[in-house]
Amino acid sequence: MKKRKIKRKVKILLIVIFITFLIICLTNSNNKGQVIEVEQINKYKYILVNKENKLNKDFKPNNLVEVKKCSEGNFYLEEETAEAYQQMCLNSIKAGLNIRISSAYRSYKEQIKLYNEYLKLYGKDYVDKYVAVAGYSEHQTGLAIDLKSLDYENFKNSKEYLWIKENSHNYGFIIRYPDGKEKITGYSAEEWHIRYVGKEVAKYIYENDITFEEYYNLFLK
């Protein structure tokens with residue numbers, strides 16, 4: 001009887017160990033693309049949001065402020081991002097340029113609306129290249145800005161873009177979706193879309209000609 005009891009206990013223990021092993025394996029395999037919860041974020045400006053990393057639908061920065069300078073419209077950004085943008089834009093004005101915001105913070109609901117509008121207008125192939133599904137948009141973080149030039153319809157052809165390309169890292173911004181990096185970022189080039197990551201990180205990304213995904217995998221993952 002004792003031997004049977006011992007064998008039974010051993011079997012139960014082995015089953016428990018096996019189930020635990022399976023849970024660990026499944027958890028590790030699902031780490032990629034998991035939802036980012038607000039409480040998991042320790043260094044806010046280093047959030048990686050892309051086609052594989054999703055924000056909770058209730059995520060909203062608690063320090064959004066309205067951009068008062070270099071802005072035409074009611075645009076909001078995370079406070080540090082707003083300050084950096086305003087300083088950058090004021091210096092660009094001194095250089096004779098006309099940079100303005102065309103889009104900034106968007107809520108989860110606003111992103112749903114925008115995605116559906118572009119889907120109706122341009123179709124799925126277009127939105128897959130340029131428009132994020134709700135929850136997968138950097139604009140929900142309050143760290144991302146779409147820019148425009150008051151003098152050029154196409155931002156890529158503008159003096160403003162050339163200045164942003166060479167100077168935005170000095171204020172903590174990167175061009176988030178650079179040309180030639182589509183396979184890494186998952187999106188077609190968007191010269192107008194900049195993202196705040198802080199001066200130190202922006203400088204490294206600029207000097208090494210890499211994307212935020214590449215920097216994240218090297219130092220933050």
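Just so you know, these numbers use all the heavy atoms, side chains as well, and skip hydrogens, waters and symmetry mates. All values derive from a computational prediction rather than experimental measurement.
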K165 vs D179, test: salt bridge (charged side-chain N to carboxylate O under 4.0 Å, His left out). Steps then yes/no. CA-CA 12 Å; K165 186 178 180 182; D179 189 25; over 6 Å; no

Distance-minimising heavy-atom pair for E160 and D151: OE2-OD2, 3.6 Å

Could you report the tightest heavy-atom contact between R100 and C89, atom names first, then the distance? NH1-SG, 4.5 Å

Applying the 4.5 Å side-chain criterion to the ILVMFWY set and letting contacts propagate, would V197 and Y177 be lumped into a single cluster? no

Can you tell me if CD on E200 sees more than 12 non-hydrogen neighbours from other groups inside 6.0 Å? no

Is a side-chain donor-acceptor pair under 3.5 Å present for Y215 with N208? no

Given the rule in the side chain to side chain contact (heavy atoms under 4.5 Å, CB included) test, do E72 and I101 qualify, once you have shown the distances and angles that lead to the verdict? CA-CA 7 Å; E72 297 178 343; I101 293 177; over 6 Å; no

Determine whether the side chains of Y196 and E80 contain a donor N or O and an acceptor N or O closer than 3.5 Å. yes

So H139 and H193, would you call those rings parallel, tilted or perpendicular, with 30° and 60° as cut-offs? perpendicular

Rounded to the nearest 0.5 Å, how far apart are OH of Y126 and OH of Y118? 5.5 Å

Between the side chains of E214 and T211, is a donor N or O closer than 3.5 angstrom to an acceptor N or O? yes

Do Y206 and E166 meet the criterion of a side-chain donor-acceptor pair at a distance under 3.5 Å? yes

Charged tip of K51 within 45° of Y187 ring normal and under 6.0 Å: yes

How close do L64 and G142 get, counting heavy atoms only, and between which atoms? CD2-CA, 4.4 Å

Measure the CD1-CG distance between I93 and N98 for me, rounded to the nearest 0.5 Å. 7.5 Å

Run K148 and E153 through salt bridge (charged side-chain N to carboxylate O under 4.0 Å, His left out) and show every step you take. CA-CA 8 Å; K148 68 178 181 179; E153 186 174 349; over 6 Å; no

Specify the closest pair of heavy atoms between W163 and A95, including all atoms of both residues, with the distance to one decimal. NE1-CB, 4.0 Å

Would you mind checking if E138 and R176 are paired as a salt bridge, meaning a charged N to carboxylate O distance below 4.0 Å? yes

Full working for side-chain hydrogen bond (donor to acceptor under 3.5 Å, both in side chains) between E213 and N50: CA-CA 9 Å; E213 275 84 2; N50 56 19; 3.2 Å; yes

So, Y204 versus F219, ring centres under 6.0 angstrom or not? yes

